[in-house]
Amino acid sequence: MNIILLGPPGAGKGTQGVLLAERLGIPKIATGDLLRDAVKHGTPLGLKAKAVMESGALVSDDIIMGIVGEELAKPASSRGVIFDGVVRTIPQAEGVARLLDGMGRKMDLVLFFDVTDQEVLSRIEKRRTIEGRADDDPTAVQRRLTAYREQTAPVLDWYEARGGVTRIPAVGSVEAIADRVRKAVGR
Ligand code: AMP
């Protein structure tokens, strides 16, 4: 089963993605985590992505599609994956659809984590004090929200026109949201 988690930064995709991946026994492709790891280890990919990430802008579609192609080709991904933080642009949505199609697979479920800007800002501020992510500082956060509105929100319409989107109200406790996800996924 291939599932995509959509929603603004701080909507809880990462937290719910981990729980869902564990429950379904399939890996999660989280491009943000993979990029942060590359930055930490100073790999060529990390060196390319670092400044863009820290500014709060989006990394290029080419870089992202390279990462996704590699992850999807891994044997562990053969039974399905959870896409977390990817896709973020319409070209990425098209690219992922092409990759899946080439493997005789498709996106089975699109979950949209629906949350207000105000809730997002307060969650990210909390995360900043815990994790200290450079892109959680207020200027970068505003940039990330703008990137979301301008480049990622249109992706919802793209999926809406191709099979539909399931909306998850992403407020309340982690358990309450996980329960809504469980119902949407059907297991
Ligand atoms: P995240 O942890 O998903 O919020 O991602 C952190 C940062 O990594 C984003 O603000 C972008 O700079 C970059 N990034 C992660 N995933 C993508 C993607 N699918 N497309 C473009 N940039 C991405």
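The structure presented is a predicted model; accordingly, all values stated were derived computationally and were not measured. Order of listing sets the numbers, starting from 1, for every ligand and every atom in it.
A 6.0 Å sphere centred on CD of Q118 holds no more than 12 heavy atoms belonging to other residues, nucleotides or ligands.
Summarising the contacts of atom 1 (P) of ligand 1 with K13, R88, M65, the nearest heavy atom is found in R88.
Residue contact check: R133 has heavy atoms under 4.0 Å from atoms 1 (P), 2 (O), 4 (O), 6 (C) of ligand 1. Against a heavy-atom cut-off of under 4.0 Å, G32 is close to the following atoms of ligand 1: 1 (P), 2 (O), 3 (O), 5 (O), 15 (C), 16 (N). Distances below 4.0 Å separate heavy atoms of R144 from the following atoms of ligand 1: 4 (O), 10 (O). Within ligand 1, the atoms closer than 4.0 Å to a non-hydrogen atom of R36 are 2 (O), 6 (C), numbered from 1 in the order shown. For ligand 1, the atoms lying closer than 4.0 Å to a non-hydrogen atom of L35 are 8 (O), 13 (C), 14 (N), 15 (C). For ligand 1 and V86, the ligand atoms under 4.0 Å from any heavy atom of the residue are 19 (N). In summary, the atoms of ligand 1 found under 4.0 Å from a heavy atom of Q92, numbered by their order in the structure, are 18 (C), 19 (N), 20 (N), 21 (C).
For the pair D114 and R180, the salt-bridge criterion is not met [side-chain N within less than 4.0 Å of a carboxylate O]. At a threshold of 4.0 Å, the pair D101-R98 does not count as salt-bridged, since none of the basic side-chain nitrogens sits closer than that to a carboxylate oxygen.
Between the side chain of D108 and the main chain of I3, no donor-acceptor pair closer than 3.5 Å is present. A donor-acceptor contact shorter than 3.5 Å is absent between the side chain of R88 and the backbone of Q151. Using a distance-only test at 3.5 Å, with no hydrogens or angles considered, a donor-acceptor pair links the side chain of K13 to the main chain of G7.
Under the 4.5 Å side-chain contact rule for hydrophobic residues, I67 and M103 share a cluster. L6 is not connected to V115 by any chain of hydrophobic side-chain contacts under 4.5 Å among Ile, Leu, Val, Met, Phe, Trp and Tyr, and they are in different clusters.
In this structure the side chain of F113 reaches within 4.5 angstrom of the side chain of V181, judged on heavy atoms.
Residue contacts with ligand 1, taken as heavy atom pairs separated by less than 4.0 Å, involve I64 solely via side-chain atoms from C-beta onward. Contacts between D135 and ligand 1, counted as non-hydrogen atom pairs separated by less than 4.0 Å, involve the side chain only.
In this structure, the protein non-hydrogen atom closest to atom 16 (N) of ligand 1 is T31 OG1, 2.8 Å.
When only interatomic distances are considered, the shortest N/O to N/O separation between M53 and ligand 1 does not fall below 3.5 Å. In terms of N/O distances under 3.5 Å, ligand 1 is approached by A57. Looking at ligand 1, you won't find any N or O of D33 less than 3.5 Å from one of its N or O atoms. Residue V59 has at least one nitrogen or oxygen atom sitting less than 3.5 Å from a nitrogen or oxygen atom of ligand 1, judged on distance alone.
For I26, the side-chain contact (heavy atoms from CB on, under 4.5 Å) criterion is met by L24, R79, I82, not counting sequence neighbours.
Using a 4.0 angstrom heavy-atom cutoff, V87 does not count as in contact with ligand 1.
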